[in-house]
Each structure stands twice: as structure tokens, then as C-alpha cells.
Novice: 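There's a structure below that I have some questions on.
Keep in mind that the numbers below use all heavy atoms, side chains included, and drop hydrogens, waters and symmetry copies. Order of the sequence lines sets the chain letters (A, B, ...), proteins ahead of strands, with each chain counted from 1.
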Protein chains: 2
Amino acid sequence: MTNHSYAIIGTGAIGGFYGGLLQKAGFEVHFLLNTDYEYVRKNGLVIESKDGDFTLEQVNAYQNVQEMPPCDVVVVALKTTQNHLLPQLLPPLLKENTMIVLLQNGLGAEEFLANFIPHHPIIGGLCFVCSNKVGPGHIRHLDYGVITLAEYSPNGQPAGITENLRVIARDFEQAQIATILNEDLILTRWKKLVWNVPYNGLSVILNADTNQLMANKHIRHLAEDLMREVVAGAAAFGRTIPDVFIEKMLDHTEKMKPYLTSMKLDCDRGNPLEVEAILGNPLRMAKLAGVDLPRMWMLYQQLKFIDTQNSRCQPRSINTH
Amino acid sequence: MTNHSYAIIGTGAIGGFYGGLLQKAGFEVHFLLNTDYEYVRKNGLVIESKDGDFTLEQVNAYQNVQEMPPCDVVVVALKTTQNHLLPQLLPPLLKENTMIVLLQNGLGAEEFLANFIPHHPIIGGLCFVCSNKVGPGHIRHLDYGVITLAEYSPNGQPAGITENLRVIARDFEQAQIATILNEDLILTRWKKLVWNVPYNGLSVILNADTNQLMANKHIRHLAEDLMREVVAGAAAFGRTIPDVFIEKMLDHTEKMKPYLTSMKLDCDRGNPLEVEAILGNPLRMAKLAGVDLPRMWMLYQQLKFIDTQNSRCQPRSINTH
């Protein structure tokens, strides 16, 4: 069995955690960092995890992709708001059979990537994980961790359970990363949106955690209305999400501990919001397919307003060189 | 010409200003007060106005409608959030031909009133005025002042320019209060909603003044979307609001000085929001007429959430005795 080399693009809550697990399991891992570069180069990575804390005293840290070696697998763990940088970041890391794994929320990233990297397998990964970066090179993994993987297919049809998926899953399993393989990336991504659209969006607009949202009967109703629009969006691409899935999401969220969504955390930190991945791209895709989703458009418009106000106060950038 | 007696229910920015002008012009005016009662009874009312400041050293002040005399005209200048009190407040003030003038925003108040006071003329008044209460018994009138008056008609048809309207307009004119008479209360109220729905609602949800809202292209678009839904609501009642009216509202708002809407001011002060008058009632009426207005529903649901959070912090009440 080959021991694949991994490049981790974005060493934060997601990339730092999963990349750390891969290195701990013996894989060769190369980490791209931005603000934490100097710190991590000297001090390595500290991962506190409910499954066991560990420290990687020596990591291959870079602040420039030109200095990184091409790898067998490139894991993209940036926020989608940075995806415009990928056309610069990825090419130096690719060799003939490099696979790209996108650990990101929302819709549209695989399609975007396939435009300029048409000859490499692209795999979408949806992380169900509570993980935060709590300091430079310091990740705290609180709960969960499973990644649902599905391969991108340029014709919009399900790619099936491919050999590429199995290869990645085997590596991840070796690193104690649980995976679920799914044959249909598009269905998988729309299903995730059933939760992400209402809760990420409304938590920012109404400045509330999931429990506060669900305790209000009007917002519980609005969340369900929004979920139904996501289901209508999926249907425009021939993907059926049953009603029982909506009920499960509502019940599950009601019973969860109070939770601040990733978009709410980004908002509170003054970071750009993943509005385009979670709302803009699905809306534009659905519109092209002839489906209008008025509440989702309204949520998008409201979030764009907040995002503009937010980034006016605290602009952020990533070092691309 | 008879000199009518007036009862003013709610002596705030609206009731204090217009009631003050009526008393200054020589009308017998009786003011119902709540928190300012003791102060105004001793010190009277001070009105600073761009049209000339004046002080009423002696006013007929009450904190209990039982002590007030029946009057020829009862002016309701409460916030609509207090309208549930009207069945207790109004009957002691009525004699055979008493007319009721509702200086309030939104929809549904005349219909509500007509249920328990079916035999008195009810006139709706829409104030286009910038006026604030700045201290006990102290009103500051900043700009504008015209009131559009239209009479309620139980059959839902335009009442026309009635003799009742002319009588009120003559009194108001004598008190330097400009009026516009309109034959169709329902059309008048829906037209006012074209502005009130987007700007009152979004200013609260997005914590912004009118200029901040209009400076964002997404929100300008959303405001227009919401206006079109209001127009669709009016159409369900056979009332036509032309496209050019929407364009006028958008242009006008873009050119206005930054303005905090009344609902935003209520929100900032921790007062209950006029969500039912401005959104809930129009939505339920439109729904009964078979028209669904998804963005307005979403705005309603969001505002109900904010209103609950708001009133949890700072409950307010009016003394009904």
C-alpha cells in the first residue's frame, strides 16, 4: 500500500485537525499557513481532541505554495470566501495523478475548480465536526468528526462509489478519520444545505444561537419554509430530498445543545461570510434551472448587507505568495 | 360654526403635537396621559416646532378615561401595539355623534374598531410628519406635518370625500394642520405600506438607517421586491398601485437625509414593534384574499423574533384605569 503525500491548503480548525491526524498516522503532510506560519514552523501543531490530545513538534510548514512539493492528495480546507485564490494556489502542488479533496461548505466549488483543473479527480468532503482554532497552531476538536465524501462528475450525474473515494477513505481510516462514501455529490451537498441555509443565515441576521432560533415559533416556521426551498432547489437538479429529512433536521436542531453556526462565528470575528457558497451559488444554479426561491434570495440579500458592513470594519486577507 | 371638543388618546409625539395645535387654535382639548400625567398636569405642554414654538401652560390632563368628558372627536394617537386597550378606553368618551380619528400606521385598526363601535364614523389619518417626544410633556416637531384623511367604509368600498372628512379638515385647517382628503382609505393605507413595509422592517432587522439600506444594491433590490409584494396585496383588494409609485418611493428614499424609521426608534427604545399593524394584518388579509407574499411573511417572522427578544428586556405597559 502506497503511503500518499498530502498538501493541506489552509491550516485552521479543519485543515489543522485532519492534517494533524494524517501526519500522526505516518503520512507525509505539507501544511500551507498564513498568519501562524512563523509560530508553527518553530513550535509545531497542538491538537486537543476529545479522542486524545497530541502534539506534532515538527511539521512541514510553508507560507508559499511555490516552496511546497507536488503531492498525491491536495486537501483544500480554506473558507470558500478564499476560493478565488485556488487558481494560483493549486497548480504548483499537482502532479499527474494528484487528487483534490475539498473540505468545504456550500455549492459550486467543485464546478469552479473543474474549470481550470479539468484533468484531476475532485472529491467533495462535508465535515460533520466541531473544531476550532483557539490560538496559533492550536486546534481544539470538541465533538464529532466524520467526513462524507463524494466524487465530482462533470456531467452532473452521480459519480458512484469510485476507486478514488475508496483510496481516500482508506488513508483517512488509517488516520482514525471516519468517512461515509456517497455516490452523488450534488445530492449530498444540497442535503447539507437543508441545515446550513436556515441556521447559518438566520443566526447571523437575528444574532442568535440555534436554541434561541428554535424557541421562537415564527422562526421555527421560517426555518422550515427555507428548508422547503432548498428541497425545491435540489429537485431542479433531479435530486429528491424526502419530507422526513426536513422533520429530522428540525427535531435534531431543537434537541441539540445551543450552537453558534460557522457563519455566526465568522460574523462575530469580523471574517467574510460564506454567503456565496451557501446561498449565492445554489440560488444562481436553481435560477438557471428555472426555479425561484424567494425566501432564500431575501436571506442572501440580507447577508450580503451584513457581509459588507462586517468587512468594512475588519478586512482580512490571505497571503498568496 | 361649532367649536368641537377633542379627546386625545395618547399624548406623545403625534397626539401631543396635533392636540397642542388644536388647543392653541381655541378648541377644547382633553388629553389622556400615562407616564407624563403628573408632570403635564402641573407644567402643561411645550411644543417646539419648525413652524413656531409654543407652550400650553394649562391643559386638561387625565390619566383615566372615566374622568374625561365625552367629546365630539376622539383622536387615537396610541401606537397600534396598544390598540387592544381601545375597547376599554373609547366608550366613556363617546356621545351620539362622536367621530373617531385614528392617527396610526398600518392596516386593520379601523376594522378592529368597527367591530365594537359600529355606529360612529371612523376616519383613518396617515401622518407624514417628523415629530418626537423629547421629554415629559415636551414635543419636538422637526419637519412636515400633513395628514391624509379617509373615512372607513364597512363594505370595503371607497367611502368618498364625505362630509365627516370635510368637518375634520376644517377644524384641522383652523389649527394650521394641513390635510389631504382621500376617498379610499384602503388604497391610502396600502400605499403607505409600500414604504413602511421595507424600510421599517429592514431597518430593524439590519440595524440600519435608510441611507445605509439604499447604499447596498442587494437591499435596494430587496426593498423593491418587498414593495412589489405590497402592491400585489393591494391588488387582492382591487386597489391598483402603479409601478411608477414604486420608483418614486425608491428615488425619494435614496435622496432623503438618513432617516431612522419609527419601528427602528421603537426597537432602540425597547418598545414593542408595530409588527402586526404593518405586516401581520396586511399579510393575513391578503392570505384570506388568496394572495401569498413570501418575502413579507419572512420579514414578519424575523420581526416577531426581534420583538420577542426586545420586549423580554424592557416590558412596557400603559395605565388603563
Novice: Between the main-chain N or O of B:Ile219 and the side-chain N or O of A:Gln301, is there a donor-acceptor pair closer than 3.5 Å?
Specialist: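 Checking the backbone N and O of B:Ile219 against the side chain of A:Gln301, no donor-acceptor pair under 3.5 Å is found.
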
Novice: Could you go step by step and tell me if A:Phe305 and B:His218 meet the ring-ring contact (aromatic ring centres under 6.0 Å, His included) rule?
Specialist: CA-CA 7 Å; A:Phe305 179 86; B:His218 300 283; 9.8 Å; no

Novice: Relative to chain B, which segment of A:Asp225 carries a heavy atom at a distance below 4.5 Å: side chain, backbone, both, or neither?
Specialist: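 Looking at A:Asp225, just its side chain touches chain B.
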
Novice: Against chain A, label B:Ala215 side chain, backbone, both or neither, depending on which of its atoms sit under 4.5 Å from a heavy atom there.
Specialist: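 For B:Ala215, no heavy atom lies under 4.5 Å from chain A.
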
Novice: Answer with side chain, backbone, both or neither: which region of B:Leu299 has an atom nearer than 4.5 Å to a non-hydrogen atom of chain A?
Specialist: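 Looking at B:Leu299, backbone and side chain both touch chain A.
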
Novice: What part of A:Ile306 lies closer than 4.5 angstrom to a heavy atom of chain B: side chain, backbone, both or neither?
Specialist: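 Just its side chain gets close to chain B.
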
Novice: Measure up the B:Phe112 and B:Phe116 rings against each other and bin them: parallel (under 30°), tilted (30 to 60°), perpendicular (over 60°).
Specialist: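 Because their plane-to-plane angle is over 60°, the rings of B:Phe112 and B:Phe116 count as perpendicular.
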
Novice: Test side-chain contact (heavy atoms from CB on, under 4.5 Å) on B:Lys192 and B:Thr148; report intermediate values, then the result.
Specialist: CA-CA 10 Å; B:Lys192 186 89 187 274; B:Thr148 300; over 6 Å; no

